[in-house]
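Report on the following structure.
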Amino acid sequence: MDIRHNRLQKVARLHWYNVVDPVTKLLLALFLTLLSFQLTDLYFEAGLVLISLILLLLSRLSVATLHAVSFSLFLIATMILIQGLFNSQNAHPLVTILSITFYQEGVLYALTMGARILIIIFSIGFFMNTTTVSENATYLESVGMPYNQVYLLMSVCYILPQIQQNLKKIQFAEKARGINPQKTLIQKLRSLLPIMIPLIIKTFDQSINRSITLQLRGFNSPERTIAAPMYHYFKTKLSHYFLVLMIIILIGCKLWQIIKNFL
Amino acid sequence: MKAKNINDQDSRFSTWKIHLTVATTTLIPAAVGINYIAKALAEGLKLPLWLGSLGTFLASMLAGPTAGAISGFINNVIYGLTLSPVSTVYAITSIGIGIAVGILFHRGWFQNAKRVFVSAIIIALVSTIISTPLNVIFWGGQTGVAWGDAIFATMIGNHINIWLASFTDEFVLDLLDKFAVAYLAFLIYRQLPQRMINYFKDNQ
């Protein structure tokens with residue numbers, strides 16, 4: 001108890017986002033996403049992008065988030081290009097570059113879509129950067145999620161590095177045997193087989209071993225000790241109820257808009 | 001190559017079993033890992049394909065559509081939470097792929113190369129039908145693959161309906177991808193040791 005108390009004190013000194021539970025963070029991401037789909041005004045969208053960006057910057061930036069942003073910015077740029085030129089609603093010219101005219105309607109549509117994408121990336125990025133696999137696992141089990149489902153979700157995060165390690169070994173062995181890079185699509189697909197077959201057999205073999213080990217250790221036993229959550233979270237139920245209510249209202253509004261269009 | 005009847009008509013797994021056994025619980029993360037690695041290999045070889053559903057195909061073939069659907073779903077959720085948040089919504093497509101593969105395999109549509117051809121078309125159609133609305137909602141109809149988007153841009157430029165343009169963009173890519181994945185899964189499954197296939201079937 002003392003140990004946990006000390007750990008909580010240590011955590012409390014660390015970061016503000018440690019007192020927000022993982023489910024609240026995910027619900028917040030869902031709420032911001034749904035709100036961005038409810039709004040159609042670009043200024044509001046920009047406001048939401050700013051809010052989610054601040055949320056992300058107040059936590060910490062990871063390389064994965066930066067990769068996701070750079071990939072999406074490229075796609076948003078192609079969206080502006082395609083929609084600005086070819087959107088069926090295009091009527092009012094916005095700008096002409098080298099005799100190519102971009103239209104207001106298409107560019108606005110692409111920017112709105114782009115803003116929504118950024119809101120999703122920033123809000124999910126906030127969740128990603130502020131929670132750990134073990135924190136999520138213990139929290140989900142403590143709130144009543146069946147342990148085999150928790151295991152399913154969390155074990156992926158631990159198994160991936162193991163598979164990547166196997167892949168490197170097999171690729172190294174194949175290179176040592178002198179497999180050359182292929183040129184045509186069929187050749188490339190064929191060259192995958194000598195790597196994929198041993199990798200997949202080894203991966204499934206390891207999962208059989210894991211399954212036997214879990215069975216021997218009584219994975220299916222109904223008597224289990226649930227681990228205590230890692231942090232002391234702030235007003236979890238209140239935040240869950242509030243965010244779920246807001247999400248229901250937003251979904252209701254969207255459905256009402258769709259129904260109204262048919263009436 | 002050891003040839004064997006890859007589709008036991010007296011399959012010992014129940015097609016729609018929801019209860020997760022320990023064997024399935026450990027198979028699903030492995031399938032998700034295979035999806036990840038296959039996608040990374042495709043990117044590394046600069047293939048114009050994703051190959052990111054190979055693990056889902058194998059999980060459906062080994063343990064039924066439910067295992068495949070869960071593998072696909074978790075794959076997109078994990079991928080979305082670590083690399084590309086928007087891909088989380090495509091979890092619905094992965095569920096559809098997992099279910100389609102499981103049913104087709106169970107009904108003998110992965111027995112030989114000719115049947116795999118038909119299965120690949122059906123799976124590509126399922127994937128396209130589910131993905132097109134998501135593409136329109138999130139990406140204005142684009143798929144994010146340059147040559148597919150070039151088709152989309154050409155069709156939009158010729159005043160063709162955005163839904164039809166997006167469907168064509170997605171279907172062209174999906175068809176090629178699902179052909180590659182279906183044949184890879186077919187060939188890999190034939191190479192799996194019989195004890196491995198039996199283990200996952202017996203533990204359903």
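Chain letters run A, B, ... following the sequence lines, proteins first, then strands; residues in each count from 1.
Proximity to chain B involves both the backbone and the side chain of A/Phe204, based on heavy atoms less than 4.5 angstrom apart. For a residue to count as touching a neighbouring chain, one of its non-hydrogen atoms must lie under 4.5 Å from one of that chain's; by this rule A/Leu199 touches chain B with the side chain only. For a residue to count as touching a neighbouring chain, one of its non-hydrogen atoms must lie under 4.5 Å from one of that chain's; by this rule B/Ile34 touches chain A with backbone and side chain alike. Only the side chain of B/Ile74 comes within contact range of chain A, judged by heavy atoms closer than 4.5 Å. The contact between A/Leu160 and chain B is made entirely by side chain atoms (from C-beta outward), counting heavy-atom distances below 4.5 Å. For A/Ile212, the parts lying near chain B are the backbone and the side chain together; criterion is any non-hydrogen pair under 4.5 Å. With a 4.5 Å cut-off on non-hydrogen atoms, B/Ala42 does not touch chain A at all. For A/Leu167, the part lying near chain B is the side chain, with the backbone staying farther off; criterion is any non-hydrogen pair under 4.5 Å.
Of all non-hydrogen atoms in B/Tyr199 and A/Gln215, the two that sit nearest each other are OH-OE1, 3.8 Å. For the pair A/Thr203 and B/Ala30, the tightest heavy-atom approach, listed with the atom from each and the gap, is CG2-CB, 3.6 Å.
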Review item, side-chain donor-acceptor pairs of residues 173-183 of chain B, under 3.5 Å, at least two apart:
| unit_1 | atom_1 | unit_2 | atom_2 | d |
| --- | --- | --- | --- | --- |
| B/Asp174 | OD1 | B/Ser127 | OG | 3.3 |
| B/Asp174 | OD1 | B/Lys178 | NZ | 3.0 |
| B/Asp174 | OD2 | B/Ser127 | OG | 2.8 |
| B/Asp174 | OD2 | B/Thr128 | OG1 | 3.4 |
| B/Asp177 | OD1 | B/Trp50 | N | 3.0 |
| B/Asp177 | OD1 | B/Leu51 | N | 2.8 |
| B/Tyr183 | OH | B/Ala113 | O | 2.7 |
| B/Tyr183 | OH | B/Phe117 | N | 3.4 |

I'd like a table of donor-acceptor pairs (distance under 3.5 Å, sequence neighbours excluded) in which one partner is a side-chain atom from residues 98-105 of chain B, with atom names and distances.
none

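Counting heavy atoms from C-beta outward, B/Phe200 and A/Ser207 have side chains that approach closer than 4.5 Å. Side-chain contact between A/Met196 and B/Leu54 is present, with at least one heavy-atom pair separated by less than 4.5 Å. Inter-residue side-chain proximity for A/Phe37 and B/Phe138 is flagged as met; some heavy-atom pair is nearer than 4.5 Å. Counting only heavy atoms from C-beta outward, the side chains of A/Ile208 and B/Arg195 approach each other to under 4.5 Å. When side chains are defined from C-beta on, B/Pro29 counts as touching A/Leu152, because their heavy atoms get closer than 4.5 Å.
Contacts between residues 108-121 of chain A and chain B, counted as heavy-atom pairs separated by less than 4.5 Å, involve A/Tyr109, A/Met113, A/Ile117, A/Ile120, A/Ile121.
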* When you look at B/Thr26 and A/Tyr151, which way does the side chain to side chain contact (heavy atoms under 4.5 Å, CB included) test go after all the steps? -> CA-CA 9 Å; B/Thr26 55; A/Tyr151 172 82; 3.9 Å; yes

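Counting heavy-atom neighbours within 6.0 Å of B/Phe73 CZ, excluding the residue itself, gives a total of 12 or less.
Comparing A/Thr65, A/Asp205, A/Leu153, A/Leu193 by how many heavy-atom pairs each has under 4.5 Å with chain B, the most go to A/Asp205. Highest contact tally toward chain B, considering only A/Val63, A/Leu214, A/Ile163, is held by A/Ile163 [criterion: heavy-atom pairs under 4.5 Å].
Within the structure, every pair that satisfies the side-chain hydrogen bond (donor to acceptor under 3.5 Å, both in side chains) test and touches residues 68-85 of chain A, not counting sequence neighbours, is listed here: A/Thr78-B/Gln142, A/Gln83-A/Asn87.
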